Amino acid sequence: MTIHLHDTLRGRKLPFEPHKEGEVTMYLCGPTVYNYAHIGNARPAVVFDLLARLLRRSYKLRYARNITDVDDKINQAAIDSGKKIDEITAQYIKAYNDDMRALGVLPPDIEPRATQHIDEMIVMIGTLIDKGFAYEAEGHVLFDVSSDPDYGKLSKRDLREMIAGARVEVAPYKRSAQDFVLWKPSTPELPGWDSPWGRGRPGWHIECSAMAEKHLGETIDIHAGGQDLVFPHHENEMAQSNCAHDGAPFARYWLHNGFLSLDSTKMSKSLGNVLLVHDMVKKIPGELIRLALLGAHYRQPLDWSDAALEGARSMLDRLYGAIRGIELSDAERKAADPPAAVIEALEDDLNSPKAMAELFSYARALNKAKDENERRKLAAEILAAGDLLGILQMDAESWFAGNNDSELSADDIESLLKQRDEARASRDFATADSIRDQLAAAGITIEDSPTGARWRRS
RNA sequence: GGCUAGGUGGCAGAGUGGUUAUGCAGCGGCCUGCAAAGCCGCGGACAUCGGUUCGAUUCCGUUCCUAGCCUCCA
């Protein structure tokens, strides 16, 4: 089955055909590094990591995820903290990569940084001026929206209506309220670079156009990001790139993930309800967070809550419970492919909830199977699906052992289990049950089986 | 106000013009010393009002509601 993807520009799901046969280029708008990433920031990173993993099965993928390291919010963070800009960006770039790794996000092939592509941006801005799509005014360079007849097509906005509804305050140097900044002047204390228009810094949108062109070419196959980037960020990127490239399409498929809310409200610093991935991964297994993020289809809204997290935990308990106790060799693991139904679900516009549902039918089959070879085969297939989805990366015993922060160590538990076994052997069930109660009080659940008792933290 | 997405059983969340989502929770059974896990089975849903149709949760339109965007934002 061919991969189908929903394209924002055309507004529907389409069969995916890359520009060049067998090769795919993908660009994701990454973080602005002035703070830790919150759980909403993690959604596109995780969702499109899954897409990257899926694409790599069938194509040679070149995947870029940029880092915005020049931005007014960064400048403000430097002023607020008294730190140097470089210190701040270095700190948060490292934190971002660490946090994403904890969520099972594989590194992209390229991680271009805005500050390392100023020359390319200046060249592109010059091209836009030369071709009549941009103009200089009071040290600024602005994109002339009226010069691009396609402007508004991505976000499905009517330019005239936007003008009618525009805010009152329009910078005096703008010809039109919708014109946006490609280059703006910097004061001496702000970061800046020499340019034909004086010392300054780039506008927000130009970096993605310039970096995508440099690393992936004039036309990229997939451009992804959060839904809130459709306007103005992606609309503006598309305008810049299309105009600079004489109409060559910037992206063949535009993918946008839905918004994440927190307990049904928008995350915002003023409400104080921002969940930082950096804090969460200290307490919660990364793949649990990852599965919770993949628990809804990527284009659907997702409400983050403890209940959502517990739902993901139940799912992982069930899957780990099925494969628990089956030791596979590396060769057995490598030989297995994910179930076809799982792949088909993912190839249908990255339907991760469907993929999970298919995986559960394999877990059920494994739980029912008596034949050891059959069980090993099913376990290997489930684990192969886990590798594709970025889950089931832990040893099952470790998963059920959980955090080691309770009063009972694994050795304590084993010792108590042994006592209980002895009591049970002599049919002293009162003692056996009191040990079980003792363990239950410490959050340990016992599971007896023909091969002896197992335990897990709940 | 405009644009774009949605509104599915107790919760989460897929999907479909007529037939089982799936996970959790609930109920009954099997297994168990009793549990837990697992297995088998059961109940319960498609916001509203119209229309198309032999038949609509699924297509079209109305109304209501929700979210995002329209200003920095994943």
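Keep in mind it's a predicted model, so treat the numbers as computed, not measured.
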Range-with-range stems for RNA chain B, at least three Watson-Crick or G-U pairs under 3.5 Å: B:1-7 with B:64-70, B:10-12 with B:22-24, B:26-30 with B:38-42, B:49-51 with B:59-61

Validation row, ring centre His215(A) to ring centre His117(A) under 6.0 Å: yes

Salt-bridge contact Arg290(A)-Glu287(A) (side-chain N to carboxylate O under 4.0 Å): no

Other residues, nucleotides, ligands: >12 heavy atoms within 6.0 Å of Lys283(A) NZ: no

Residue pairs fulfilling ring-ring contact (aromatic ring centres under 6.0 Å, His included) with at least one residue in residues 275-297 of chain A, sequence neighbours excluded: Tyr36(A)-His278(A)

N or O in side chain of Trp204(A) less than 4.0 angstrom from C73(B) OP1/OP2: yes

Partner set under side chain to side chain donor-acceptor pair (under 3.5 Å) for Arg456(A), not counting sequence neighbours: Glu447(A)

Expected rows: protein N/O vs nucleotides 39-43 of chain B N/O, under 3.5 Å:
residue : atom : partner   : partner atom : Å
C39(B)  : OP1  : Arg318(A) : NH2          : 3.2
C39(B)  : OP1  : Asn367(A) : ND2          : 3.3
C39(B)  : OP2  : Arg318(A) : NH1          : 3.4
C40(B)  : OP1  : Lys368(A) : NZ           : 3.0
C40(B)  : OP2  : Arg364(A) : NE           : 3.2

Salt bridge flag under 4.0 Å for residues Arg420(A) and Asp448(A): yes

Polar atom pairs between nucleotides 6-11 of chain B and protein, under 3.5 Å, N or O only, would you list them?
none

Nucleotides 26-36 of chain B: protein proximity per nucleotide (B base, S sugar-phosphate only, - neither; heavy atom, under 4.0 Å): -------BBBB

Arg157(A) NZ/CZ over Phe231(A) ring centroid, <6.0 Å and within 45° of normal: yes

Over 12 foreign heavy atoms within 6.0 Å of CG, Asp80(A): yes

